[in-house]
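If you read the sequence from its start, that first residue is 1, and numbering goes on from there. Predicted model only: the values in this text are computed from it and were never measured.
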Amino acid sequence: MRLPTDRRFTLTSLLVLLTLLQTTGLYLFLKGFLLTRQTLDLPTLPNDSVSTHFDRVILIIIDALRFDFAVSSDPKQENEYYRNQLPVFERLLAQQPSSSLLFQFRADPPTTTMQRVKGLMTGSLPTFIDAGSNFASSAVNEDHLLRQMRTRYDDFYFMGDDTWVNLYPEIFESNKTFESDSFKMFDLDTVDNRILEHLWPIVDQDQWQVAIAHFLGVDHCGHTFGPSHPNMATKLSQMNKVIEQLVDRVVDDKTLLVVMGDHGMSVEGDHGGESVEELISTLFMYSKRPITDTRMKDFYRHIHESRADQLGYNMREIQERLHYDPNTYPIVSQIHLVPTLAYMLGVPIPFGNLGALIPDVVMPNNDAASPLQHMTHAFRHNARQVRHYLDQYSAHTGHPGFSADALSPMYEHLVNAENHEAMGDLEDAIFEYDRFLTSTIKYCQAIWAQFDVGSMAVGISILVVTTCSSVYLSFVSEPSLSLRRAFIVAVSTLLVSSSVAIVALKDDIRSHGWFEKMSQMDGLLALIMMACATVLLFGIKDLHHHSTFTPTTWILVLLGVIVHALTLGSNSFVVWEDRMIRFIAATLCVAWAVCSRQMGAPLFVLGWIRLTGLAGQCREEQFPYCRYLHSMSFTTDHPAAMLAYVTFNGALISYVLPRLFKQRSHNKSWQQWMYQAVLCVVFVRQIQELYESSSNSPSLPWWSLKLLNVYLPRMVYLFSMVVLLRARVSWWSFMSIWSAALAMLQRPLASTIMLTVPGIVNLLTTSASSGADSIVRLVLMHTIGQHLFFVTGHQATFTSLPWKAAFIGFDDMNYYGGATLVGLSTLAGPLIAWISWPLLVSNSSRHTRPQQQQQQQLSLYMLMIMQLIPTCFSALFVLVLRRHLMTWKIFAPRFLLQALLGVGSHIAVILCAWFSPIQTTT
């Protein structure tokens with residue numbers, strides 16, 4: 001049976017089917033790959049421990065308070081402004097050692113604020129999939145410390161980051177809550193000043209019991225300027241003064257002051273990953289009365305050393321990266337805060353807590369009780385609470401990893417502890433209880449890192465067959481479907497797949513983590529999609545047996561794409577991918593010059609690649625061998641550089657780009673007017689961002705901010721959608737206006753780079769040619785899209801996500817709109833490459849009409865396959881390296897990026913086939 005003669009329908013239907021196949025493969029793979037933990041909202045054990053009750057507590061969270069900000073040290077460089085700005089901690093430790101405690105506060109990755117606030121109050125471990133929910137905080141549906149505190153304290157006051165209100169909406173009363181939008185406020189002082197306006201009147205009155213304040217200025221300073229900036233010294237000095245004033249207000253023995261950071265700060269001022277700088281934060285406790293027994297410091301130290309050894313804390317790396325002695329202060333995991341505060345405040349430990357008591361604070365109320373007896377009792381209660389959680393999790397989830405046999409090695413520690421306690425060996429009993437708690441943390445970290453290998457394998461199988469089918473179809477000039485062959489292939493595939501599924505459904509297979517996350521609908525979907533993929537691979541034949549179009553260069557390109565995809569299995573190549581892409585782009589420029597026998601355009605593009613390669617963002621793993629040019633170099637703090645930058649942009653926007661647009665858009669006045677309006681908006685916002693990034697710039701009037709941040713961007717979005725709906729009128733206008741709109745979502749320097757893209761596309765399209773030259777230029781445009789991803793300040797890491805783009809054009813937080821803008825900003829480089837693709841295709845054919853159609857069809861498959869092959873290999877490498885030390889830090893983020901690129905390229909191909917100037921009909 002021959003497919004319909006309408007080539008557009010034939011080609012587009014095949015592309016849609018390939019897109020569905022790839023999406024299904026990715027869905028099944030991700031379902032087995034992304035880790036989940038089932039939350040249970042069950043009652044906890046009653047509080048039977050004898051604790052040190054405080055009637056009042058002040059919780060101060062200083063966002064991104066890295067530990068080396070809090071201790072004194074000699075600056076290694078003159079610009080390390082963050083050092084020695086918080087002397088209050090060490091002063092109190094020296095003056096009141098029994099009333100002050102300072103710890104290195106180690107966060108669990110991912111170090112996003114929402115995840116950390118959730119972990120700080122639940123005492124639970126995060127899983128990787130939860131990292132994506134940082135953008136839209138949802139209410140916590142499990143037991144947490146604030147809920148338990150509500151049973152004892154009535155007067156709750158909160159100020160600062162609204163993440164707390166979103167996570168725990170039932171806790172805070174509207175008339176006692178003064179939250180600020182954590183994403184909307186990007187300046188350094190607005191949120192902090194609002195907190196201070198309410199904090200002092202609250203703590204100065206008598207009717208309060210709990211005051212929580214989450215300061216954001218230090219974190220915002222890091223995101224905007226980095227830690228090594230004078231503004232960081234100013235913010236830390238302000239926080240030092242705030243803490244001093246709070247200490248002065250702790251005037252009785254019934255008030256506890258806790259100061260902490262939710263995470264650290266990377267070298268560039270960001271967070272979200274798992275570098276040492278991002279993990280090590282600060283925890284400080286203070287009260288007028290003694291909160292620790294200084295006579296037992298050696299015993300406390302032995303417990304901390306035992307925990308550090310069991311949990312594998314790398315002291316040497318901390319010292320090398322943060323330049324202080326980590327052995328001076330104990331390391332405390334953030335999940336240990338929950339049982340510790342529950343003990344100090346006299347409330348039950350939340351049901352799902354896995355943390356262990358910080359031993360330094362466990363001391364009796366009076367001298368009558370033995371300190372060791374008291375500590376043993378407290379640790380026993382903590383251990384029983386954790387065992388209760390493990391038993392309940394096993395009973396309610398049926399997870400094989402929480403069976404009695406699996407948990408018995410840990411429960412042996414409890415038996416040993418009780419035996420030691422019965423014999424009076426209290427120190428050994430405490431250590432056994434602690435080993436149980438620490439081993440539980442390690443075990444749960446491992447068990448919740450279990451992958452559904454079966455689901456991952458099925459997903460990869462579909463991806464592999466889809467990739468092979470796409471490559472095969474790229475060589476088929478006139479596809480035809482044989483019903484007989486398709487029937488035989490489909491039935492054979494269903495029989496084989498069904499046999500595998502029957503075996504997979506056996507309990508002994510599922511109990512080992514295979515197909516555990518796959519439902520019956522998932523299995524049925526997998527069977528259907530595998531049958532479709534094999535039909536495309538073995539059921540399609542080519543009716544055009546005597547094609548004169550032989551894409552030999554395409555075969556070489558395929559080999560090159562495969563070689564590049566193989567590098568995704570190396571952590572070194574992934575870390576330094578930005579430089580590798582520059583090398584590939586430069587090599588393609590040379591190949592273009594050789595194939596086209598011209599030097600001018602290839603040499604200019606090569607120079608542009610090298611020049612723009614000076615911009616970008618360093619990964620944490622690239623330090624100290626990485627340095628890029630940033631927008632900060634062009635602020636009013638550097639007047640000469642800013643003048644040169646503004647002059648260049650002014651010339652580009654007022655003369656070069658409008659002239660090029662007029663030349664290529666066939667003098668359509670309404671399109672020229674829209675394009676110039678968008679360029680003006682981009683230019684004005686560039687100046688605004690540079691002005692606001694300057695160290696001492698006064699704030700702009702509210703009406704101007706409203707105009708620049710909301711109304712003008714909305715105008716750009718409107719124009720972009722208008723030109724999208726009329727793309728076939730002028731594809732060049734579509735590409736130009738969208739490149740400017742995407743530039744508006746970038747930082748100033750990245751914005752300038754995006755504005756130059758139409759000039760590069762013009763060079764790639766003005767010299768029409770055929771054969772090898774056209775394919776090389778298409779591949780070069782694809783590589784330029786990847787190059788733009790890096791030089792516009794992005795990396796395959798969560799720390800590089802441009803959250804600020806979510807608010808361009810919005811007054812308030814809008815989840816779907818904000819997420820779309822963040823995605824557009826992140827993928828601006830590949831997007832502009834996909835948009836430019838039809839211009840290169842429609843301008844690069846000198847064949848006869850059938851040959852031209854074949855080459856245009858091949859170009860669409862090229863666009864799809866050059867992302868599909870890396871996606872397939874990346875998934876395979878993640879499966880093989882799922883237990884690799886760098887999986888979650890390097891390979892997983894790179895795979896997720898590649899998955900987005902793979903799906904995006906498929907959608908782009910379909911849109912190009914329908915709306916672009918490529919002629920796909922016979």
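The residues Glu170 and Arg150 are annotated as not salt-bridged, no charged nitrogen and carboxylate oxygen being separated by less than 4.0 angstrom.
In terms of the side-chain hydrogen bond (donor to acceptor under 3.5 Å, both in side chains) criterion, residue partners of Asp434 (sequence neighbours excluded) are, by chain and number, Arg307.
Side-chain contact, Asp63 with His271: no donor N or O sits under 3.5 Å from an acceptor N or O. A donor-acceptor contact closer than 3.5 angstrom is absent between the side chains of Glu277 and Ser266. In this structure, a donor-acceptor pair under 3.5 Å is present between the side chains of Glu278 and Ser275.
Residues Tyr389 and Thr44 fail the side-chain proximity criterion, which asks for heavy atoms closer than 4.5 Å. Contact check for Leu196 versus Phe215: side-chain heavy atoms found under the 4.5 Å cut-off. Using a 4.5 Å heavy-atom cutoff, the side chains of Ile331 and His304 are not in contact. Taking the side chain as every heavy atom from C-beta outward, Asn382 and Asn353 approach each other to under 4.5 Å. Between Thr113 and His214, some side-chain heavy-atom pair lies under the 4.5 Å cut-off. Annotation: side chain of Ile62 is not in contact with side chain of Phe69 (no heavy-atom distance under 4.5 Å). Between Leu145 and Val347, some side-chain heavy-atom pair lies under the 4.5 Å cut-off. A heavy-atom distance below 4.5 Å is found between the side chains of Asp143 and Gln148.
In summary, the aromatic rings of Trp164 and Phe156 are positioned with their centroids too far apart to meet the 6.0 Å limit. In this structure, Tyr324 has its ring center no closer than 6.0 Å to that of Tyr329.
Note that the OG1 atom of Thr122 and the CG atom of Leu146 stand 10.5 Å from one another [nearest 0.5 Å].
Side-chain N or O atoms of Gln104 include none that pairs as donor or acceptor with a backbone N or O of Ser281 at under 3.5 Å. A distance-only check finds a donor-acceptor pair linking the side chain of Arg56 to the backbone of Trp208 [under 3.5 Å]. Under the 3.5 Å distance criterion, the side-chain polar atoms of Gln85 are matched with a main-chain donor or acceptor of Arg83.
Across every non-hydrogen atom of Leu345 and Arg152, the tightest pair is O-NH1, 3.1 Å. What you find for Val250 and Ser287 is that their closest heavy atoms are CG1-CA, 4.4 Å. Closest non-hydrogen pair, Asp161 versus Phe158, comes out as O-CZ, 3.0 Å. Across all their heavy atoms, Ala378 and Leu357 have their closest contact at O-CD1, 3.5 Å. Shown here for Phe351 and Leu42, the closest heavy-atom pair between the two residues is CB-O, 3.3 Å. Smallest separation of non-hydrogen atoms from Met149 and Val57: CE-CG1, 3.9 Å.
Arg106 forms no cation-pi arrangement with Tyr313, by the criterion of a distance under 6.0 Å to the ring centre and an angle within 45° of the ring axis.
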Residues 197-204, side-chain donor-acceptor partners within the protein, below 3.5 Å, at least two apart:
residue, atom, partner, partner atom, Å
Asp204, OD1, Arg249, NE, 2.7
Asp204, OD2, Arg249, NH2, 3.4

